[in-house]
Amino acid sequence: YWIYSVQTDGSSYSFYGGQNLQSAGIGFVPGKMELVDEGPDHHLYFLGDAAMIIEEPYYELFIYDQDSLSSGPIGESSSLTGRGMDLAVRSGTTYVANDREFVLYDTSDTSKPSVWKVWDTPGISKGVASDGDRAYVASGFLGLHTVDLALPHNAEVLGIQIGASINDLDIRGDIMYAAGGGIFRTINASDPTSIYQLDSINTTVANGVEVLGDYAFIAAGLNGLAVVDISSSLNIGTPSYGYMGGSTSGVTVQGDYAYLMDGAGLQVFNISDPANPTPVGFMDSTSGMINADFENGYLYVTDSGYFRDTQLWILDITDPEYVVPIDESDFYFGYSYTTMGGISVQGNYAYVTDAVNGMALTVIDVNPLSPDYGTEVSGYTYVNDGIDNEFAGEDVVVSGDYAYVIQTYNVIDLSIADISDPTSVTNSSMVHTLTWGGNSRSLKLSGGYLFIADSSGVRVVELFPGF
């Protein structure tokens with residue numbers, strides 16, 4: 001049983017919950033709470049009003065892990081004016097009614113909830129509920145208002161910005177970190193319609209990037225791993241390098257370790273001292289590691305090469321210095337001309353793109369307890385003018401009930417697919433497509449926007465224009 005209660009002594013506030021009634025002290029007055037315990041989401045969401053603020057009140061959204069309340073919030077939003085009245089959580093989005101506005105938060109990454117849409121409601125917003133497609137906002141004596149939140153059918157491209165070749169990017173709050181053309185950049189993305197560069201440094205090669213804390217970790221090709229201090233986005237630090245051999249093309253970070261993909265396998269670096277990244281492990285591969293994602297305590301890595309079989313590795317990283325697959329039988333998919341590239345894992349399914357053989361998106365069951373474990377359960381393709389193999393799926397991001405797939409060398413550059421039933425994804429699952437004639441390489445979802453790394457710069461797509 002889970003019990004949550006709030007206690008105050010007039011000057012400080014705390015709430016109790018969980019099987020052991022853990023205590024968590026906070027500097028805000030706890031308000032409405034919602035416990036989410038479904039799929040990969042096992043968190044407590046609540047609104048906190050600033051204590052004793054009367055003239056200009058403000059509130060924040062807090063997210064706690066159910067099992068470690070006393071460790072403090074794992075995610076905390078920026079402050080918004082008003083008093084938080086009610087909230088509802090559904091599929092990576094949190095809907096909040098405050099006494100002035102109706103607010104949508106992107107909580108697909110619970111560690112960094114962010115505001116992405118604010119609607120000035122008539123009257124005072126006192127309550128909110130959502131079924132995923134619509135939000136229902138109670139506005140006092142002005143009645144009930146319905147807000148259509150259904151599929152982003154009217155998504156639109158806001159244009160290309162930062163006129164330079166970009167291979168990969170990461171976003172933390174209002175700052176974007178971009179790698180490409182041998183340059184690492186910090187970019188102000190507080191206004192997605194007008195992003196601009198803050199600083200840059202030369203790393204000779206910059207193929208991939210991921211940010212953790214005050215550091216950016218860059219796959220620097222033949223230079224291995226580059227680590228830079230980004231505590232000041234206006235003054236990037238001098239790179240420190242770690243080298244193991246080969247040419248690194250992508251990077252992902254977990255805890256004290258960085259995992260880098262190269263043409264021969266997976267490189268592992270200890271980054272507990274970011275100024276001195278140390279190579280500690282290597283895993284050989286069939287063709288060459290391409291992309292990776294963390295989920296369910298495992299590292300999922302695509303391993304692909306032209307004229308070679310495509311492989312998906314599910315790796316146990318309990319001991320990062322000795323990475324091993326959880327299933328020695330390995331998984332092979334597709335054809336000899338297939339190149340599996342982007343990957344995004346959600347729950348029991350991995351969503352992967354195919355850069356050659358005409359498959360836009362393939363859905364793979366990765367639940368070891370499922371009878372379909374390790375098999376393709378669904379997917380969709382794109383055929384250009386009746387000619388196969390002209391589709392090139394480059395990367396994919398999955399959030400809630402939708403998959404966002406970028407592709408290149410084709411008449412479609414972005415497809416948005418309904419994946420509410422992962423076992424039944426087909427061509428008809430595509431709910432929206434966009435074309436801009438670019439050479440897209442990777443993408444990130446932040447709030448109501450997609451930020452796409454392109455050979456011409458950073459392309460921004462607004463998913464709910466005019467909302």
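Values in this document were obtained by computation on a predicted structure and should not be read as measured data. Values below: every heavy atom of this structure, side chains too, minus hydrogens, waters and symmetry copies.
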How many angstroms lie between [atom1] in [X] and [atom2] in [Y], if you round to the nearest 0.5 Å?
X	Y	atom1	atom2	value
L414	I452	CG	CD1	5.5 Å
I183	I162	CD1	CD1	13.0 Å
I74	T110	CD1	OG1	3.5 Å
S446	K112	OG	NZ	7.5 Å
F184	T204	CZ	OG1	14.5 Å
Y45	S77	OH	OG	12.5 Å

Do [X] and [Y] make a side-chain contact, defined as non-hydrogen atoms from C-beta onward lying under 4.5 Å apart?
X	Y	result
S456	S165	no
V405	Y380	yes
T433	D413	no
I317	Y257	no
L315	L266	yes
S249	M261	yes
T248	Q267	yes
F451	P192	yes

Whether [X] side chain and [Y] backbone form a donor-acceptor pair below 3.5 Å:
X	Y	result
N296	Y298	no
N348	V366	no
D454	N439	yes
E60	L47	no
S194	D191	no
D86	V96	no
T353	G342	yes
N207	G250	no

Mind listing the closest non-hydrogen atom pair of [X] and [Y] along with its distance?
X	Y	value
I195	A189	CG2-CA, 3.7 Å
P274	S240	O-CB, 4.1 Å
V460	Q161	CG2-NE2, 3.6 Å
A403	I419	CB-CG2, 3.9 Å
I187	A178	CD1-CB, 3.9 Å
M85	N98	CG-C, 3.7 Å

side-chain hydrogen bond (donor to acceptor under 3.5 Å, both in side chains) partners for T238, two or more places apart: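 Once residues adjacent in sequence are excluded, T238 has no partner under the side-chain hydrogen bond (donor to acceptor under 3.5 Å, both in side chains) criterion.
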Plane angle bin for Y95 and F102 - parallel if under 30°, tilted between 30 and 60°, otherwise perpendicular: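 Parallel.
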Residues I364, L312; criterion side chain to side chain contact (heavy atoms under 4.5 Å, CB included); working and verdict: CA-CA 9 Å; I364 301 167; L312 172 65; 4.1 Å; yes
All ring-ring contact (aromatic ring centres under 6.0 Å, His included) counterparts of Y105, not counting sequence neighbours: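 Not a single residue meets the ring-ring contact (aromatic ring centres under 6.0 Å, His included) criterion with Y105.
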Contacts of Y136 that satisfy ring-ring contact (aromatic ring centres under 6.0 Å, His included) - sequence neighbours left out: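 Y136: no ring-ring contact (aromatic ring centres under 6.0 Å, His included) contacts found.
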Side chain to side chain contact (heavy atoms under 4.5 Å, CB included) partners of S111, counting only residues at least two apart: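 Residues passing side chain to side chain contact (heavy atoms under 4.5 Å, CB included) with S111: D109.
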Listed partners of S108 passing side chain to side chain contact (heavy atoms under 4.5 Å, CB included), at least two apart: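 Partners of S108 under the side chain to side chain contact (heavy atoms under 4.5 Å, CB included) test: D106, S399.
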Scan for salt bridge (charged side-chain N to carboxylate O under 4.0 Å, His left out) pairs involving [range], sequence neighbours excluded, and state none if there are none.
range	value
residues 439-448	D168-K444
residues 422-433	none
residues 202-223	none

Does a donor on one side chain and an acceptor on the other come within less than 3.5 Å for [X] and [Y]?
X	Y	answer
T107	T94	yes
N188	Y196	yes
D418	Y402	no

With sequence neighbours excluded, residues passing salt bridge (charged side-chain N to carboxylate O under 4.0 Å, His left out) with D395: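 For D395 there are no salt bridge (charged side-chain N to carboxylate O under 4.0 Å, His left out) partners, ignoring immediate neighbours.
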Residue list, salt bridge (charged side-chain N to carboxylate O under 4.0 Å, His left out) with D401, at least two apart or on another chain: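 For D401, no residue satisfies salt bridge (charged side-chain N to carboxylate O under 4.0 Å, His left out) once neighbours in sequence are set aside.
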Audit row: S415, Y404, side-chain hydrogen bond (donor to acceptor under 3.5 Å, both in side chains) steps and yes/no: CA-CA 6 Å; S415 60; Y404 304 85; over 6 Å; no
Return all side-chain donor-acceptor pairs below 3.5 angstrom for residues 216-232, not counting sequence neighbours, or 'none' if the list is empty.
residue, atom, partner, partner atom, Å
D229, OD1, S231, N, 2.8
D229, OD1, S231, OG, 2.7
S232, OG, L234, N, 3.4
S232, OG, N235, N, 3.3

Qualifying side chain to side chain donor-acceptor pair (under 3.5 Å) pairs with a residue from residues 176-187, counting only residues at least two apart or across chains: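 Sorted result for residues 176-187: R185-Q197.
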Candidate pair T203 and Y241, rule side chain to side chain contact (heavy atoms under 4.5 Å, CB included), full reasoning: CA-CA 10 Å; T203 58; Y241 290 92; 3.9 Å; yes
CA sep, side-chain torsions, deciding dist, call: L198, I175, side chain to side chain contact (heavy atoms under 4.5 Å, CB included): CA-CA 9 Å; L198 298 173; I175 306 299; 3.9 Å; yes
Full working for side chain to side chain contact (heavy atoms under 4.5 Å, CB included) between Y259 and V253: CA-CA 6 Å; Y259 302 84; V253 180; over 6 Å; no
